[in-house]
Amino acid sequence: MLVKDAYLDSLRCEESALAHYIHHLLIEKKISLDDDMSKINLEQADHQIVKEMIQNNVLGIHKIRIYSLKMNQKDFVFIFAANEQAAIKFYCEKFHLTPLNCHEYSLDFQLARGNDVISFRDMKKDCKCFPALAGFFVKPY
């Protein structure tokens with residue numbers, strides 16, 4: 001795998017620390033996009049500069065996760081949000097109820113949609129702002 005692929009994956013998966021470290025090493029010309037990723041040596045980075053880059057969110061990464069909120073014994077709703085509290089707040093505002101529980105799911109979890117299979121990560125691309133409703137699930141008996 002090339003540095004370019006690792007960098008794009010870190011941006012796609014919103015892995016802020018890794019993306020900022022790679023970005024810093026690229027700026028400092030310690031690595032290039034065409035290098036094998038085995039050339040990535042985080043010890044070559046200036047950790048203080050990377051810390052400031054992450055705090056200032058130089059790359060504009062705002063990690064959005066997917067949460068399952070239990071409505072009742074068989075109904076669940078999935079909500080994209082920055083954190084659990086934001087998902088619960090969105091749920092309460094939308095449904096005027098308190099969820100029975102709230103659990104984070106993997107964005108790579110796949111589910112059937114029509115005649116196709118799609119991951120939450122791909123579904124998230126359809127949303128323009130967050131928090132956002134992703135869908136519902138009814139638990140079969």
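Computed from a prediction, not measured in an experiment: that's the story for all the values here. Quick note: residue numbers are just sequence positions, from 1.
Looking at heavy atoms from C-beta onward, L42 lies in side-chain contact with L25 at the 4.5 angstrom threshold. Two residues are said to be in side-chain contact when any heavy atoms from C-beta on lie closer than 4.5 Å; L2 and L33 fail this criterion. Contact of the I54 side chain with the K51 side chain is not registered, since no non-hydrogen atoms from C-beta on lie closer than 4.5 Å. Side-chain contact between C13 and R121 is present, with at least one heavy-atom pair separated by less than 4.5 Å. Side-chain contact between K63 and E15 is present, with at least one heavy-atom pair separated by less than 4.5 Å.
Counted within 6.0 Å of CD on Q73, heavy atoms from surrounding residues, nucleotides or ligands total 12 or fewer; the atom is thus considered open. No more than 12 heavy atoms of other residues, nucleotides or ligands shown are found within 6.0 angstrom of CE on M37.
In this structure, the salt bridge (charged side-chain N to carboxylate O under 4.0 Å, His left out) partners of K125, at least two apart in sequence or on a different chain, are D122. In this view, P99 and L69, I88, Y91, C92 satisfy the side-chain contact (heavy atoms from CB on, under 4.5 Å) rule, not counting sequence neighbours. Every side-chain contact (heavy atoms from CB on, under 4.5 Å) that D34 has, sequence neighbours left out, goes to K4, S32. Shown here are the salt bridge (charged side-chain N to carboxylate O under 4.0 Å, His left out) partners of D116, two or more places apart in sequence or in another chain: there are none. A search for side-chain hydrogen bond (donor to acceptor under 3.5 Å, both in side chains) contacts involving E28 returns nothing, not counting sequence neighbours. Applying the side-chain hydrogen bond (donor to acceptor under 3.5 Å, both in side chains) test to D75 and every residue at least two apart in sequence or in another chain returns N72. With sequence neighbours excluded, no residue forms a side-chain hydrogen bond (donor to acceptor under 3.5 Å, both in side chains) with H24. With sequence neighbours excluded, the residues satisfying salt bridge (charged side-chain N to carboxylate O under 4.0 Å, His left out) with K89 are E93.
The structure places CD of Q55 at 10.5 Å from NE2 of H20, a figure rounded to the nearest 0.5 Å. One finds the CD1 atom of I40 at 5.0 Å from the CD1 atom of I31 (value rounded to the nearest 0.5 Å). For the atom pair C127 SG and L133 CG, the distance stands at 8.5 Å (nearest 0.5 Å).
Residues in residues 37-75 take part in these ring-ring contact (aromatic ring centres under 6.0 Å, His included) pairs, two or more places apart or across chains: Y21-H47. The list of side-chain hydrogen bond (donor to acceptor under 3.5 Å, both in side chains) pairs with a residue in residues 37-46, not counting sequence neighbours, reads D36-S38.
Chaining together hydrophobic side chains whose heavy atoms lie under 4.5 Å apart places Y105 alongside I64, I66, F76, F78, F80, L107, F109, L111, I118, F120, M123, F130, F137. Under the 4.5 angstrom side-chain criterion for Ile, Leu, Val, Met, Phe, Trp and Tyr, the cluster partners of V58 are I49, M53.
Between A86 and P131, the closest heavy-atom pair is O-CG, 4.2 Å. Shown here for S10 and I22, the closest heavy-atom pair between the two residues is OG-CD1, 4.4 Å.
Following chains of ILVMFWY side-chain contacts shorter than 4.5 Å, one cannot reach L100 starting from M71, and the two form parts of different hydrophobic clusters. Linking ILVMFWY side-chain heavy atoms closer than 4.5 Å, directly or via other members, places M1 and V3 in a single hydrophobic cluster.
Listed for the R65 side chain is no donor-acceptor partner under 3.5 Å among the backbone atoms of A81.
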- Task: I would like to know whether K94 and I79 meet side chain to side chain contact (heavy atoms under 4.5 Å, CB included); could you show each step before the answer?
- Result: CA-CA 11 Å; K94 186 90 173 165; I79 295 174; over 6 Å; no
